[in-house]
Amino acid sequence: MILRAGVFYDGTLAEPRKNVDVVIDGDRVAEVRNAAEGTQPDVAAACITPGLVNAHVHMVGSGEANTMAAVAAMNQNQAMLAAVANAEKSLRAGVTTVRDLGSQLGIGQALRDAIAAGLVPGPRMRAAGRALCMTGGHGWFIGRPIDNPWEARKAVREELFAGADCIKMIATGGVLTKGAVPGNAQLLPDELEAAIAEAHRHGLRVAAHAIGTEGIKNALRAGIDSIEHGHMLDDEAIELFKARDVYLVPTLAAPTCILEHIHDGSQPAFVVQKAEQVNEAMLRNIRRAYEAGVKVAGGSDAGTPFNDHDNYWREVELMHELLGMTPQQALHAATNRAAELIGLHRGTLAPGEPADMLLLARDINVDIRALGKPQLVIKAGCKAYDSRS
Ligand SMILES: [Zn+2]
């Protein structure tokens, strides 16, 4: 199959190319070459980019106004059906790879395997299984309690046994859990260290939910691979990020979508009040971290209130608007960077890489929202979604 692009972005920060043919062989990219006269492409589009990579999703969440209540109330069948529907929704919106950072009942792992086996449509996935949290801590409804270092080690072993291919830890309170204070540290340094060392021994990367300053630094010092949210980071945290080469996944869409819907009165007051605090810190701190050279990877916390799985284009737009990234830099964060963090592939379009790509009606440099309405989504060399048919 030959796809012709007016403008071609390969997912890196290399200069975009004009008038390019992308040749697909099977499930991989065979060649990217200048469009040859006389060669008839199978499809042509104004712009081609890699498929989007979302490093932070919850497939069991569907953007409900009260996510905690909705997820905690679902039985296994309901949660699985929601996750299957969300996987298809992601793919149709051009998200071809995700990292699920917390689901109950083994749902993330089962969904990942069903997609890989071709049973249901969806993106390539990594899944953390249950999040490791303190007893009653943030996210308990998609988590499991640990209250000392040996429980932390055992929890990693059990999640690994249950098929997790990354680990999620809760280092601070959060917005969506009633009673949890986002600024407060939750899991202790020795619990973080024990779990991270155990996970790394088995080749699993560890992501920490961390909003408060102390918890962010606890996780960074304990050897974490990525900080999720990171909104209250300070100068010392920025230095730790850089010295330890840790990714920041800022989930800008999560508080933004909550605050965009406060006037309909559908959300619990505790969610709105905490989102306002967190949003203020986010606007103050995340751009500073990016400008200081912290590696920012795209992740939206899809599944949280009004932040649905087909909304990832919004995270890309917010990285452009709030962090000062160019559209190409935001695309890089949401493809190549996020893919590096997830570790399944490089998230770029080059010979030998997976043929996951989007055909868009407009150049993203002119209209970044073109990412939200792909004309054609290709995953593993096959048409996953065609808006024109
Ligand atoms: Zn999350």
Side-chain angles (χ1 to χ4, degrees), residues 52-58 61-68 70 86 89-90 93-95 98 101 138-139 172-177 180 182-183 209-212 216 226-233 248-291 294 296-327 329-331 333-334 337-338 364 367-373:
L52 298 177
V53 179
N54 192 341
H56 189 141
V57 309
H58 299 278
S62 304
E64 300 95 340
N66 187 344
T67 302
M68 176 184 168
N86 289 333
K89 195 182 250 188
S90 310
V95 179
V98 301
L101 285 184
H138 172 64
T172 72
V175 171
L176 300 181
T177 307
H209 162 101
I211 296 176
I216 292 169
S226 67
I227 294 286
E228 310 297 314
H229 321 302
H231 300 144
M232 297 178 184
L233 59 82
L248 172 61
V249 181
T251 66
L252 306 168
T256 303
C257 290
I258 291 171
L259 296 180
E260 282 173 351
H261 289 83
I262 49 177
H263 300 298
D264 62 19
S266 61
Q267 302 177 84
F270 72 85
V271 168
V272 171
Q273 185 238 325
K274 288 194 280 183
E276 278 170 342
Q277 287 172 3
V278 163
N279 189 56
E280 203 179 288
M282 179 178 95
L283 296 176
R284 213 171 35 239
N285 296 325
I286 302 295
R287 183 170 183 150
R288 221 155 46 83
Y290 171 65
E291 286 175 349
V294 173
V296 171
S300 68
D301 215 355
T304 57
F306 306 101
N307 183 18
D308 214 341
H309 294 267
D310 54 4
N311 197 43
Y312 188 44
W313 65 270
R314 182 82 174 111
E315 182 72 26
V316 185
E317 183 182 57
L318 287 167
M319 288 193 285
H320 168 53
E321 283 175 358
L322 301 181
L323 305 188
M325 292 183 180
T326 64
Q329 287 167 337
L331 177 73
R337 263 284 147 78
I364 58 160
D367 178 11
I368 199 166
R369 292 190 169 204
L371 281 171
K373 287 194 175 69

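Keep in mind it's a predicted model, so treat the numbers as computed, not measured.
- Asn307 CG to Arg314 CZ: the interatomic distance, rounded to the nearest 0.5 Å, is 9.5 Å.
- A distance of 8.0 Å separates CG of Leu331 from CD1 of Ile368, quoted to the nearest 0.5 Å.
- Looking at His209, His229, His56, Glu228 one by one, the single match for side-chain hydrogen bond (donor to acceptor under 3.5 Å, both in side chains) with Thr251 turns out to be His229.
- With Thr172 contributing its side chain and Ile211 its backbone, the two residues share a donor-acceptor pair below 3.5 Å.
- Closest heavy-atom contact between His138 and Ala180: CB-CB, 4.1 Å.
- With sequence neighbours excluded, the residues forming a salt bridge (Lys or Arg N to Asp or Glu O under 4.0 Å) with Asp308 are Lys89, listed by chain and number.
- Shown here are the side-chain hydrogen bond (donor to acceptor under 3.5 Å, both in side chains) partners of His309, two or more places apart in sequence or in another chain: there are none.
- To the nearest 0.5 Å, atom NE2 of residue His58 and atom CG of residue Leu101 are 6.0 Å apart.
- The CG atom of Leu248 lies 9.0 Å from the OG atom of Ser226; values are rounded to the nearest 0.5 Å.
- Side-chain contact between Asp310 and Val95 is absent, with no heavy-atom pair separated by less than 4.5 Å.
- Here OG of Ser300 is found 7.0 Å from CG of Asn311. Values are rounded to the nearest 0.5 Å.
- A donor-acceptor pair is defined here as one N or O able to donate and one able to accept, closer than 3.5 Å; such a pair exists between the side chain of Asn285 and the backbone of Ala281.
- Not one N or O on the side chain of Thr67 forms a donor-acceptor pair closer than 3.5 Å with the backbone of Thr304.
- Put simply, the side chain of Leu252 reaches to within 4.5 Å of the side chain of Met282, judged on heavy atoms.
- Judged by distance alone, with hydrogens and angles left aside, the side-chain atoms of Asp301 form no donor-acceptor pair with the main-chain N or O of Ala253 at under 3.5 Å.
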* So Leu318 and Leu323, side-chain contact (heavy atoms from CB on, under 4.5 Å) or not? Walk me through it. -> CA-CA 7 Å; Leu318 287 167; Leu323 305 188; over 6 Å; no

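- Residues Gly299 and Val249 come closest through the heavy atom pair CA-CG1, 3.5 Å.
- Taking all atoms of both residues into account, the shortest heavy-atom contact from Val278 to Pro182 is CG2-CB, 3.9 Å.
- In this structure the side chain of Leu322 never reaches within 4.5 angstrom of the side chain of Ile286, judged on heavy atoms.
- Interatomic distance, CD of Glu280 versus NE2 of His231, reported as 13.0 Å (0.5 Å rounding).
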* To do: Please lay out, stage by stage, how Tyr290 and Met325 fare under the test side-chain contact (heavy atoms from CB on, under 4.5 Å).
  => CA-CA 9 Å; Tyr290 171 65; Met325 292 183 180; 3.5 Å; yes

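- Identified under the side-chain hydrogen bond (donor to acceptor under 3.5 Å, both in side chains) test for residues 266-279, with sequence neighbours left out: Asp264-Ser266.
- Shortest non-hydrogen contact noted between Glu317 and Arg369 is OE2-NE, 2.6 Å.
- Panel note: side chain Asn66, backbone Pro268; no donor-acceptor pair is recorded below 3.5 Å.
- Using modelled atom types, one side-chain atom of Tyr312 and one backbone atom of Gly298 make a donor-acceptor pair closer than 3.5 Å.
- Residues Pro250 and Ala297 come closest through the heavy atom pair CD-O, 3.5 Å.
- Under the 3.5 Å distance criterion, the side-chain polar atoms of His261 are matched with a main-chain donor or acceptor of Cys257.
- Pairing each heavy atom of Pro327 with each of Ile364, the nearest pair is CB-O, 3.6 Å.
- When side chains are defined from C-beta on, Pro305 counts as touching Leu176, because their heavy atoms get closer than 4.5 Å.
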